[in-house]
Every structure is written in structure tokens, then in C-alpha cells.
Amino acid sequence: MGNLKHAVITFGKAQCSAWISTAFDFAVSILLAEVLHLWYGYSTTIGAVSGGIVNCCINYKWVFHSHSLGKCRTALRYLAVWIVSIALNSGGTCLLTELTGISFVITKAAVGIVVAIAWNYQMQRLFVFK
């Protein structure tokens, strides 16, 4: 029962971290695309990079408590997972936006939810912070 409780708490904390970093990601993306009129593809990628930095810092210190791994080792592992995440988020957002004609903000949110749970959390839990 203790392992299940720990897993649920860790998942909840990871989701809080994801929400914070997603808010940062979206704020940067929307500012760049809607205010500064940068192409949404570039804006999405820059936002994902910004949000990823925030997420890594929060996860390292608060979610997974991986201080024993060392910052360099953790950063390199996170970078590997993050590169795939950025490709999935940016590519998925552009593809879905182009195919559907729906606002990139909506497609970015839909793609982001799938990538966050199916890729980011799983890889951080099993590889980056293990």
C-alpha cells in the first residue's frame, strides 16, 4: 500500500510541475506568436524549451528528489528525453494545426496532454530521475 501511495503522490506532484511548466510554455508561445507575430511553429518550439527548463528544475528539486544522481547526469538524461518531447510537441502541433485548421493553441494543448502523460512522465519516472 505504501508503494501505491508514493506512486500516486509522485504522479500528482509531477502533474503540478507539468501544469506550471505548461503555463510558462503557453505564455511564451502565445506571446511570441500573437503579440510578436513569430510563426507558431517557432513559437511552439521556443515555448517548449522554456517550459522544459522550468519542468526539469521543479522535478529535480521537488517531485523526484533525485539529488543523489547529480545535476549533470540528470540534465543529460533529461535533455535526451526533452529532445524527443519537443519534437513530439512541435511536430504534433504543426501537423494537427495544418491538417485541421484549428487554432494552434488548441492543437498544442491536445498534443501536449498526450505527450505529457504518454512520454514525459513515463520517461522521467523510469529513466531521468531513477
Side-chain angles (χ1 to χ4, degrees):
M1 188 65 161
N3 285 340
L4 179 60
K5 180 181 176 183
H6 176 71
V8 169
I9 290 170
T10 300
F11 182 76
K13 289 168 75 174
Q15 294 315 298
C16 288
S17 173
W19 294 334
I20 292 166
S21 55
T22 297
F24 196 81
D25 172 349
F26 270 71
V28 169
S29 297
I30 292 169
L31 173 73
L32 292 174
E34 300 298 326
V35 176
L36 300 178
H37 305 290
L38 186 64
W39 179 56
Y40 73 87
Y42 296 142
S43 300
T44 297
T45 302
I46 295 167
V49 169
S50 303
I53 292 168
V54 170
N55 185 255
C56 185
C57 293
I58 294 171
N59 286 351
Y60 182 80
K61 292 187 179 275
W62 183 59
V63 177
F64 295 104
H65 307 288
S66 59
H67 305 290
S68 63
L69 294 177
K71 290 180 182 176
C72 269
R73 180 177 175 211
T74 303
L76 288 174
R77 286 179 172 208
Y78 190 90
L79 180 63
V81 171
W82 190 26
I83 288 169
V84 174
S85 177
I86 289 170
L88 291 170
N89 275 294
S90 298
T93 298
C94 289
L95 181 66
L96 198 55
T97 300
E98 294 299 320
L99 289 175
T100 64
I102 297 172
S103 167
F104 89 95
V105 175
I106 294 169
T107 59
K108 179 176 174 62
V111 170
I113 290 167
V114 172
V115 172
I117 294 171
W119 175 257
N120 295 349
Y121 176 72
Q122 302 305 325
M123 291 304 295
Q124 288 177 27
R125 181 177 65 89
L126 298 171
F127 174 67
V128 175
F129 297 105
K130 182 104 179 152

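The model shown is predicted, which means the values in this text are computed figures rather than measured ones.
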Quiz item: Quick one: do Phe127 and Trp119 end up in the same hydrophobic cluster if we chain Ile, Leu, Val, Met, Phe, Trp and Tyr together by side-chain heavy atoms under 4.5 Å apart?
Solution: yes
Exercise. Keeping to residues at least two apart or across chains, list the salt bridge (charged side-chain N to carboxylate O under 4.0 Å, His left out) pairs with something in residues 10-21.
Key: none
Practice problem: Find the distance between CG (Leu95) and CG (Leu88) and round it off to the nearest 0.5 Å. | Solution: 11.5 Å
Quiz item: Could you give all pairs that pass the salt bridge (charged side-chain N to carboxylate O under 4.0 Å, His left out) test and reach residues 40-61, with sequence neighbours left out?
Solution: none
Exercise. Working to the nearest 0.5 Å, report the span between CG of Leu99 and CG of Leu96.
Key: 7.0 Å
Practice problem: Working to the nearest 0.5 Å, report the span between OH of Tyr42 and OG of Ser29. | Solution: 14.5 Å
Practice problem: Kindly work out whether a path of hydrophobic side-chain contacts (I/L/V/M/F/W/Y, heavy atoms less than 4.5 Å apart) joins Val105 to Ile102. | Solution: no
Quiz prompt | Partner residues of Ser90 under the side chain to side chain donor-acceptor pair (under 3.5 Å) criterion, sequence neighbours left out | solution = Thr45
Exercise. Just grab all the salt bridge (charged side-chain N to carboxylate O under 4.0 Å, His left out) pairs involving residues 96-115, residues at least two apart or on different chains.
Key: Asp25-Lys108
Quiz item: Do Ile30 and Ile106 belong to the same hydrophobic cluster, where Ile, Leu, Val, Met, Phe, Trp and Tyr are linked whenever their side-chain heavy atoms lie under 4.5 Å apart, directly or via other members?
Solution: no
Quiz prompt | Reported CG-to-OG distance for the pair Leu32 and Ser50, which is rounded to 0.5 angstrom | solution = 7.5 Å
Quiz item: Of the non-hydrogen atoms in Ile86 and Ala48, which two are nearest, and what is the gap between them?
Solution: CG1-CB, 4.0 Å
Quiz item: To the nearest 0.5 Å, what is the distance between CD1 (Ile58) and CD1 (Ile53)?
Solution: 12.0 Å
Self-check item: Donor-acceptor contact below 3.5 Å, side chain Tyr40 vs main chain Thr93
Solution: no
Self-check item: Value rounded to 0.5 Å, distance of CG in Asn89 from CH2 in Trp82
Solution: 12.0 Å
Exercise. For side-chain contact (heavy atoms from CB on, under 4.5 Å), just list the numbers for Tyr121 and Thr10, CA-CA rounded to whole Å, side-chain angles, deciding distance to a tenth of an Å, and then say yes or no.
Key: CA-CA 10 Å; Tyr121 176 72; Thr10 300; 4.2 Å; yes
Quiz item: If you group Ile, Leu, Val, Met, Phe, Trp and Tyr by side-chain heavy-atom gaps below 4.5 Å, do Val35 and Leu38 land in one group?
Solution: yes
Quiz item: Between Ser21 and Ser17, is there a donor-acceptor pair closer than 3.5 Å when you use the side chain of the first and the backbone of the second?
Solution: yes
Quiz prompt | Listed partners of Phe24 passing ring pair (Phe, Tyr, Trp, His ring centres under 6.0 Å), at least two apart | solution = none
Practice problem: Output, in order, the C-alpha distance, side-chain angles, deciding distance and verdict of side-chain contact (heavy atoms from CB on, under 4.5 Å) for Asn59 and Val128. | Solution: CA-CA 10 Å; Asn59 286 351; Val128 175; over 6 Å; no
Practice problem: Please report the closest heavy-atom contact between Val54 and Ile20, naming both atoms and the distance. | Solution: CG1-CG2, 4.2 Å
Self-check item: ILVMFWY cluster, Val115 and Ile83 together (side-chain gap under 4.5 Å)
Solution: yes
Exercise. Report the C-alpha separation of Tyr60 and Gln124 in whole Å, then their side-chain angles, then the decisive distance to 0.1 Å, and conclude whether the side-chain contact (heavy atoms from CB on, under 4.5 Å) test is met.
Key: CA-CA 10 Å; Tyr60 182 80; Gln124 288 177 27; over 6 Å; no
Quiz item: Which heavy atom in Ala33 sits nearest to a heavy atom in Ser43, and how many Å separate them?
Solution: N-OG, 3.3 Å
Self-check item: Atom of Glu34, atom of His37 and distance for their closest heavy-atom approach
Solution: O-CE1, 3.4 Å
Self-check item: Within residues 64-86 or reaching into it, pairs that qualify as salt bridge (charged side-chain N to carboxylate O under 4.0 Å, His left out) - sequence neighbours excluded
Solution: none
